[in-house]
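These figures come from a predicted structure and were not determined experimentally.
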Amino acid sequence: MKTKVPHLAHWGAFTAVTENGRLTGCEPFFADADPSPMIHTIPELVYSDKRIRQPMVRRSWLKSREKSDRTLRGREDFVAVDWETALDLVAEENRRVRERYGASGIFNGSYGWSSAGRVNHARTLVRRFYFQGGGGVDQQGNYSWGAAQFFLPYVIGTYMPLTGRVTEWPQVVEHAEIFVAFGGLALKNAQVASGGAGQHSLKPALMQLAAKGTPVINISPMRDDCPEFVNAEWIPIRPNTDVALMLALGYEITQRGAADEAFLASHCTGWPQLRAYLLGETDGVVKAAGWASRITGIPADRIVQLAQQLTGKRSFITCSYSVQRAHRGEQPYWMMIALSSMLGQPGLPGAGFSFGHGSMNSVGNPRQEGPAPMMSTGPNPSGLSIPVARISDMLLNPGQPYRFQGETLHYPDIHMVHWAGGNPFHHHQQLNRLVAGWQRPDTVVVQDIVWTPAAQMADIVLPATTTLERNDIGGSSRDRFVLAMHQAIKPQHQARNDFDIFADLAERLGYRDTFTEGRNEMQWIAHLYQQCATAHQRKGIDFPEFDEFWQRGFVEIPEGGKPYQFMEDFRADPQANPIKTASGKIELFSQTIADYQLDDFAGHPEWREPQEWLGSPVSRDYPLHMISIQPSDRLHSQLDATDTVQSNKTAGHETLCMHPVDAAARGLVEGDEIEVSNARGVMLAGVQITEGVTQGVVIIATGAWFDPGFGKAWQPFDRAGNPNVLTLDIGTSSLTQGPNAMSCLVEIKKHQDCTIA
C-alpha cells in the first residue's frame with residue numbers, strides 16, 4: 001500500500017512516499033518553485049548501513065569507566081548493551097560528574113543543525129536537559145556567522161540582520177542600480193535554511209534581478225559563486241583581502257569628493273578617524289588603489305573604476321557569511337558598512353549594506369514578522385559558556401585565560417561531554433588538535449543517527465531516529481510556512497526519539513516532569529503550534545485549529561505588510577529612531593572597542609595581515625590558498641554517508657578545484673588523487689581542473705567525514721578530504737573569538753601509495 005505524508009528537512013518541505021511501510025521517495029512541496037534535489041537522497045540516509053543500530057559502549061570504558069584509556073577512543077571496539085543499561089550508564093555518569101565537579105565539569109554545548117523538527121531538535125533538547133538538571137558549560141555563537149554576531153552590535157547596534165531580516169529582494173530588484181557581492185551569490189548555499197522552508201527564494205530573485213539588467217559584480221576567488229544567468233562580472237580577489245579593496249574604494253571615493261558628508265555627520269560617528277586612516281595620516285600608508293592592488297591582486301585601474309561605478313548610484317553591497325569566517329574576518333564587515341555609509345546609502349529603498357544574501361535560503365524573503373515554532377531550553381543556571389569554536393582550547397587548557405568581548409575569562413575543566421545532533425569533526429578547525437582534546441574528558445556520550453566520526457570516538461553511543469521515524473513540527477522565522485512533519489515509517493533498528501531519550505534520562509535523575517512539562521511528543525507539537533498561532537494572531541493573522549493544520553500539513557502566512565527596508569526608520573530620523581550603539585549612530589570608529597586596548601583590533605576598520613594569506617612568509621612553503629565552501633549535495637556533513645554523495649567524489653575523496661596553471665606546475669591532471677598538506681597535517685583529495693578559480697587558490701567543499709584510519713594508531717592524516725584537518729585553530733580576533741575554519745595555506749602533490757600508510 002502506498003501512502004504520502006507531509007514532511008520537512010533543512011533543505012525544504014516535501015511529501016514522504018512509502019510503500020508497504022518502506023520509504024521509497026520524496027516529492028517536492030507544491031509551493032516550492034526551486035526545490036532542492038537533496039530531498040531525493042533522504043531515503044538513502046534512512047536505510048544507510050552507517051545507521052547506529054543499538055546502544056553501544058566502548059569496551060574498556062564499560063570495564064573501567066572514568067579510569068579507562070581515553071586514547072583508545074576511535075581505535076577500540078564497542079559492546080552492545082540494551083537501552084536500560086545505556087541510559088543507566090549515562091545518568092550515573094551525569095550524577096557522578098555533577099556531584100564531584102559541579103556544572104563546570106559538564107560540556108553540553110552540542111553544536112549542529114540537528115533536524116528541522118523543533119520538538120526533537122537535539123541541540124535544543126540537550127541544553128534543556130542539562131540546564132534543568134543544574135546547568136553545564138554551553139557555547140555562545142555559531143560557526144556560520146560567529147565573528148559578526150559578537151562584533152556588529154558595536155557598529156550597528158544589533159546582529160539580527162544576520163538572521164535574515166534584511167532588505168527584501170523585491171526592494172533590491174526594483175531600486176538597486178548596482179549590486180556588489182563580496183563572496184558571491186551561490187545557489188547551492190540557498191538550498192538550506194535552519195528549520196526548513198516551504199520556498200527556495202534566491203534563484204527566482206536573481207532571475208528577476210538579471211531580467212531587469214541590474215549590473216552585478218561578484219568579488220570572490222571563485223567565479224561560480226554566482227550563477228551564470230546573472231551575467232555577473234567576476235573580479236577575482238586573493239582570499240582574506242576584501243577589506244583592503246574596500247579601504248581603497250573608500251579612499252578613491254574620498255579623493256573624488258564623492259563622500260556623503262551630510263549622511264556621515266548626521267547618521268554616523270567616527271568618520272574623521274576613518275578618513276585620517278584612509279588618507280594615511282595616522283600610519284603613513286595611503287590606502288590608494290595601487291596599495292590595494294598589491295595586496296588583493298586586482299588591477300589598480302579596476303579598483304578606481306569600481307569606485308566610479310558606485311558613486312552616485314543606488315548601490316546594494318552584501319557580504320557572504322564566508323567572508324567573516326577567516327582571521328580578522330570582522331574587518332570587511334565593518335568596512336562594508338563604512339563604505340555604504342560614505343556613499344550615503346543605508347536606509348534608501350533597495351540600497352545599503354547587507355549580510356548573507358546568497359549564504360542561506362530565505363534571507364531577504366518578503367514576510368510578516370513572527371516567530372517560528374520553537375521549544376525553549378530555559379536559562380542555564382550555571383551561566384557558563386565558551387565561544388562556539390574554542391572547544392579544543394577548552395579541553396586542552398582547563399583553567400587558562402582567554403580574551404572575549406573585552407574581558408579576560410578562564411576555560412572550565414571538562415570531565416563529561418554529551419554531544420547530540422551534530423558532528424564536531426566536520427565543522428571544527430584543525431581536527432587533529434580536536435582529537436587530542438577529545439581524549440581529555442572522563443566520558444564522551446554521543447547521540448546520533450549514523451556512525452559519524454564523533455560517534456566513533458565516543459564512550460557511549462545512543463541511536464536516534466531520523467525525522468521520518470517520528471512526528472514533529474518545523475519552520476523558520478525567515479519563511480512564510482509552518483509545516484507538519486508526519487511520521488512516515490516505524491523507527492529503524494533500536495533507534496529512539498531524541499525527546500524520549502532525554503525524558504527517560506531526566507526520569508533517572510529525578511526531574512522528568514520538569515523536563516517534559518507533562519507533555520508527550522504530540523502534545524508538545526500541538527503546544528508549539530499554539531504558541532506560534534497566538535503570536536501571529538496578535539498581528540491579525542489567523543491560524544486554523546491544530547487538527548486542521550495537522551491534516552493539511554502546513555500553514556501559509558501571507559506576505560502582506562509594508563516592504564521591509566533595513567534602517568529605513570533610522571535614516572528618516574536618526575534622533576527619533578537611534579540604533580542601539582553607544583552613540584545611537586553607525587559607528588565607523590568605536591570608542592568602546594578602542595578602550596579595550598586589544599593588540600589585534602583597532603577602533604576603526606583596518607588592514608592588518610592575516611596569519612595566513614598569499615602575501616605571508618608561510619606562502620613560500622605553502623603557496624596555495626585553500627578555501628573550503630559549503631557542499632552542493634549535502635548539508636554540512638549530513639548525507640555524506642549516502643551512495644549519492646559518495647558517487648560525487650573524485651578518486652574516492654572530496655573534490656578539490658584547481659587552476660590549470662597550478663595543476664600543470666605540479667604535473668597534475670583531471671581526476672588525480674592528491675595529497676594536500678601543511679605543517680598541521682595531510683589529507684587526500686581528488687583534483688578537478690578549472691579556470692573558475694583564481695590562480696594560487698584551491699577550493700574544496702566541507703562535509704567529508706573525517707577519516708584518520710579508525711582502529712589504527714593516530715596520524716595527522718585524513719583519507720576523506722576534510723579540509724579542517726589543515727585549518728588554523730585560532731579565533732578571528734580576541735574580540736569575538738569567531739570561527740576561523742574556512743581558509744589556510746597548503747601545498748599539493750600527486751599521491752603515491754607508499755607516501756601514507
Indicate yes or no: at least one non-hydrogen side-chain atom of [X] is less than 4.5 angstrom from one of [Y].
X: N142; Y: Y111; value: yes
X: P398; Y: P412; value: no
X: L89; Y: L62; value: yes
X: Y321; Y: L162; value: yes
X: H427; Y: P739; value: no
X: M375; Y: H121; value: no
X: P6; Y: H486; value: yes
X: M485; Y: V119; value: no

Tell me the closest heavy-atom pair linking [X] and [Y], and the distance in Å.
X: R478; Y: N361; result: NE-O, 4.1 Å
X: A455; Y: V450; result: CB-O, 4.1 Å
X: N380; Y: G136; result: ND2-O, 2.9 Å
X: D729; Y: A389; result: OD1-O, 4.1 Å
X: S628; Y: A741; result: OG-O, 3.5 Å

Apply the test side chain to side chain contact (heavy atoms under 4.5 Å, CB included) to residues I386 and F404: give CA-CA distance (whole Å), side-chain angles for both, the deciding distance (0.1 Å), then the verdict.
CA-CA 9 Å; I386 61 166; F404 179 59; over 6 Å; no
Nearest 0.5 angstrom please: [X] [atom1] to [Y] [atom2], how far?
X: E93; Y: D88; atom1: CD; atom2: CG; value: 13.0 Å
X: R118; Y: T124; atom1: CZ; atom2: OG1; value: 6.5 Å
X: N722; Y: L431; atom1: CG; atom2: CG; value: 5.0 Å
X: D413; Y: Y101; atom1: CG; atom2: OH; value: 7.5 Å
X: F150; Y: S733; atom1: CZ; atom2: OG; value: 11.0 Å

Below 30° counts as parallel, above 60° as perpendicular, anything between as tilted: where do the rings of Y143 and H428 land?
perpendicular
Ring geometry between F706 and F425 (parallel below 30°, tilted from 30 to 60°, perpendicular above 60°)
parallel
Evaluate R634 against T642 for side chain to side chain contact (heavy atoms under 4.5 Å, CB included), listing each step before the verdict.
CA-CA 10 Å; R634 58 192 180 271; T642 64; over 6 Å; no
Steps toward side chain to side chain contact (heavy atoms under 4.5 Å, CB included) verdict (Q430, S392):
CA-CA 9 Å; Q430 203 171 334; S392 296; over 6 Å; no
Would you find a donor on one side and an acceptor on the other, under 3.5 Å apart, between the side chain of [X] and the backbone of [Y]?
X: S382; Y: G135; value: no
X: Q737; Y: L735; value: no
X: R519; Y: H527; value: no
X: R512; Y: A506; value: no
X: S48; Y: E44; value: no

Are [X] and [Y] close enough that a side-chain donor and a side-chain acceptor fall under 3.5 Å?
X: T85; Y: D82; value: yes
X: N740; Y: Q429; value: no
X: H636; Y: Q630; value: yes

Residue set satisfying side-chain contact (heavy atoms from CB on, under 4.5 Å) with I501, at least two apart, ordered chain then number -> W83, L87, Q447, L462, R496, L505
Tell me whether the count of non-hydrogen atoms from other residues, nucleotides or ligands lying under 6.0 Å of CD in E92 goes above 12.
yes
So with a 6.0 Å cut-off around CD of Q551, is the heavy-atom count from everything else above 12?
no
So among F29, F543, F549, Y529, which one has a ring pair (Phe, Tyr, Trp, His ring centres under 6.0 Å) with F554?
F29
Residues R58, D77; criterion salt bridge (charged side-chain N to carboxylate O under 4.0 Å, His left out); working and verdict:
CA-CA 6 Å; R58 185 168 63 86; D77 67 328; over 6 Å; no
Begin from the C-alpha positions of N189 and S359 and carry the test side chain to side chain donor-acceptor pair (under 3.5 Å) through to its verdict.
CA-CA 5 Å; N189 297 343; S359 291; 5.2 Å; no
Basic-acidic side-chain contact under 4.0 Å: E84, R508:
yes
Salt-bridge criterion met for E76 and K63 (N-O under 4.0 Å)
no
Not counting sequence neighbours, which residues clear ring-ring contact (aromatic ring centres under 6.0 Å, His included) with F502? List them please.
F129, H418
side-chain hydrogen bond (donor to acceptor under 3.5 Å, both in side chains) partner of D442, the single match among K67, R65, R100, R96
R96
For the residue pair W451 and F710, is the inter-centroid distance of their aromatic rings smaller than 6.0 Å?
no
Carefully, step by step, assess D472 and T467 under the rule side chain to side chain contact (heavy atoms under 4.5 Å, CB included).
CA-CA 8 Å; D472 217 319; T467 64; over 6 Å; no
When you measure from the centre of the six-membered ring of F499, is the NZ or CZ of R128 under 6.0 Å away and within 45° of the axis?
no
Evaluation steps, side chain to side chain donor-acceptor pair (under 3.5 Å), between Q132 and T514:
CA-CA 7 Å; Q132 294 182 346; T514 303; 5.8 Å; no
Begin from the C-alpha positions of E469 and T466 and carry the test side chain to side chain donor-acceptor pair (under 3.5 Å) through to its verdict.
CA-CA 6 Å; E469 298 156 43; T466 67; 2.6 Å; yes
